[in-house]
Amino acid sequence: MNCPLPDSWQAVLGAEFEAPYMRALRDFLAAEKAARKVIYPHSSHWFRAFELTPLHEVRVVILGQDPYHGPGQAHGLCFSVRPGVRIPPSLLNVYKELAADVGFTPVDHGNLEHWARQGVLLLNTSLTVEQGNAGSHRGKGWETFTDRAIAAVNEHAGPTVFLLWGSHARQKKALVDTRRHLVLESPHPSPLSAHRGFFGNHHFSRANAFLAEQGRGTIDWQLPATPA
């Protein structure tokens with residue numbers, strides 16, 4: 001696994017690829033492939049979030065846990081699925097909150113690249129998963145790498161909004177300087193927890209209000225009817 005990151009990220013994360021934990025992760029993934037296990041997403045999309053959202057352009061960070069583990073879903077952006085794939089339940093709840101908060105018009109796809117290209121870093125804390133086995137690649141080294149990425153945003157990006165949904169994401173608050181950045185926390189949008197405070201959190205309008213105050217523009221949360 002050579003450093004596949006774009007220049008802005010390579011400058012701050014490139015050395016991680018030679019660290020012992022990353023070598024161990026590389027060996028683990030190679031062994032999984034040798035055992036003919038199916039890994040999602042395809043290796044060409046492991047670092048897709050970084051490719052679409054350069055470090056200096058990050059304005060919002062949304063954190064997920066694992067990639068989706070069903071066929072054809074994951075493509076390297078948390079909560080996002082490829083065009084033509086059924087919209088997952090958690091993302092449907094995100095759309096419901098967007099509609100209530102900022103007048104979002106629902107779309108019939110779950111591709112969030114439109115957000116990523118505007119500076120929304122859609123980062124899973126683990127960047128791979130075995131097919132049909134949620135959480136299977138946790139604790140193998142990805143979390144160390146993505147914690148470094150969060151720390152890089154904290155240090156190098158302009159004032160940024162961190163949307164931390166659910167207990168797993170909320171643990172990352174410790175990596176963020178809340179004097180410079182805005183951290184918004186709520187339950188996860190999963191059907192199991194969305195009614196406990198995700199609905200009505202107004203995170204999208206609050207994020208834009210903060211960005212506007214900081215002179216960083218706003219995010220167009222409305223997705224195109226057809227993904228680019």
Side-chain angles (χ1 to χ4, degrees), residues 1-5 9 12-35 37-53 55 58 60-82 85 88-91 94 110 112-113 115-116 120-154 162-176 185 187-190 192-193:
M1 189 194 305
N2 296 321
C3 180
L5 300 175
W9 287 104
V12 294
L13 296 178
E16 300 297 316
F17 288 84
E18 299 306 319
Y21 80 87
M22 188 61 86
R23 291 199 295 269
L25 173 61
R26 184 163 53 239
D27 291 343
F28 165 75
L29 292 169
E32 292 290 280
K33 289 187 175 182
K37 294 183 180 180
V38 177
I39 295 174
Y40 294 132
H42 186 274
S43 58
S44 63
H45 285 126
W46 289 353
F47 301 97
R48 185 67 171 155
F50 301 97
E51 294 169 5
L52 292 181
T53 312
L55 175 57
V58 174
V60 176
V61 177
I62 299 178
L63 290 178
Q65 295 187 41
D66 298 75
Y68 295 118
H69 54 80
Q73 293 180 300
H75 64 130
L77 306 177
C78 73
F79 291 99
S80 180
V81 292
R82 296 171 181 270
V85 175
S90 292
L91 185 54
V94 170
L112 305 181
E113 289 192 5
W115 295 356
V120 181
L121 182 65
L122 296 165
L123 184 66
N124 281 311
T125 54
S126 180
L127 300 187
T128 59
V129 69
E130 180 187 346
Q131 178 179 344
N133 190 3
S136 52
H137 291 186
R138 293 179 195 167
K140 303 299 183 181
W142 280 128
E143 293 89 347
T144 301
F145 178 78
T146 53
D147 278 359
R148 299 280 197 279
I150 296 167
V153 173
N154 177 66
F162 291 79
L163 303 184
L164 307 183
W165 302 333
S167 59
H168 178 83
R170 293 168 86 167
Q171 293 173 8
K172 306 302 180 181
K173 182 178 181 179
L175 300 172
V176 180
E185 304 175 68
H188 194 275
S190 161
L192 298 175
S193 57

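Since we're looking at a predicted model, the values are computed, not measured.
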Quick one, [X] and [Y] - any side-chain contact, counting heavy atoms below 4.5 Å?
X: Ser136; Y: Val129; value: yes
X: Arg82; Y: His45; value: yes
X: Thr125; Y: Lys172; value: yes
X: Leu175; Y: Phe162; value: no
X: Lys33; Y: Leu29; value: no
X: Glu113; Y: Arg48; value: yes
X: Leu63; Y: Leu164; value: yes
X: Phe79; Y: Pro189; value: yes

Subject >> Main-chain N/O of Ala116 paired with Thr53 side-chain donor or acceptor, under 3.5 Å >> reply: yes
Subject >> Side-chain (Ser193) to main-chain (His188) donor-acceptor, under 3.5 angstrom >> reply: yes
Enter the distance from [X]:[atom1] to [Y]:[atom2] here, rounded to the nearest 0.5 Å.
X: Leu163; Y: Leu121; atom1: CG; atom2: CG; value: 11.0 Å
X: Lys173; Y: Glu185; atom1: NZ; atom2: CD; value: 4.0 Å
X: Leu127; Y: Ile39; atom1: CG; atom2: CD1; value: 12.5 Å
X: Leu122; Y: Trp115; atom1: CG; atom2: CH2; value: 7.5 Å
X: Asn124; Y: Ile62; atom1: CG; atom2: CD1; value: 11.5 Å
X: Leu25; Y: Glu16; atom1: CG; atom2: CD; value: 12.0 Å

Subject >> Polar side chain donor-acceptor pair, Ser126 to His137, under 3.5 angstrom >> reply: no
Subject >> Ring centroid separation Phe145 to Tyr21 under 6.0 Å >> reply: no
Original post:
Per the ring pair (Phe, Tyr, Trp, His ring centres under 6.0 Å) rule, which among Phe50, Phe17, Phe47 passes with Trp9?
Top reply: Phe50
Subject >> Identified side-chain hydrogen bond (donor to acceptor under 3.5 Å, both in side chains) counterpart of Thr128 within the set Tyr40, Trp46, Trp142 >> reply: Trp142
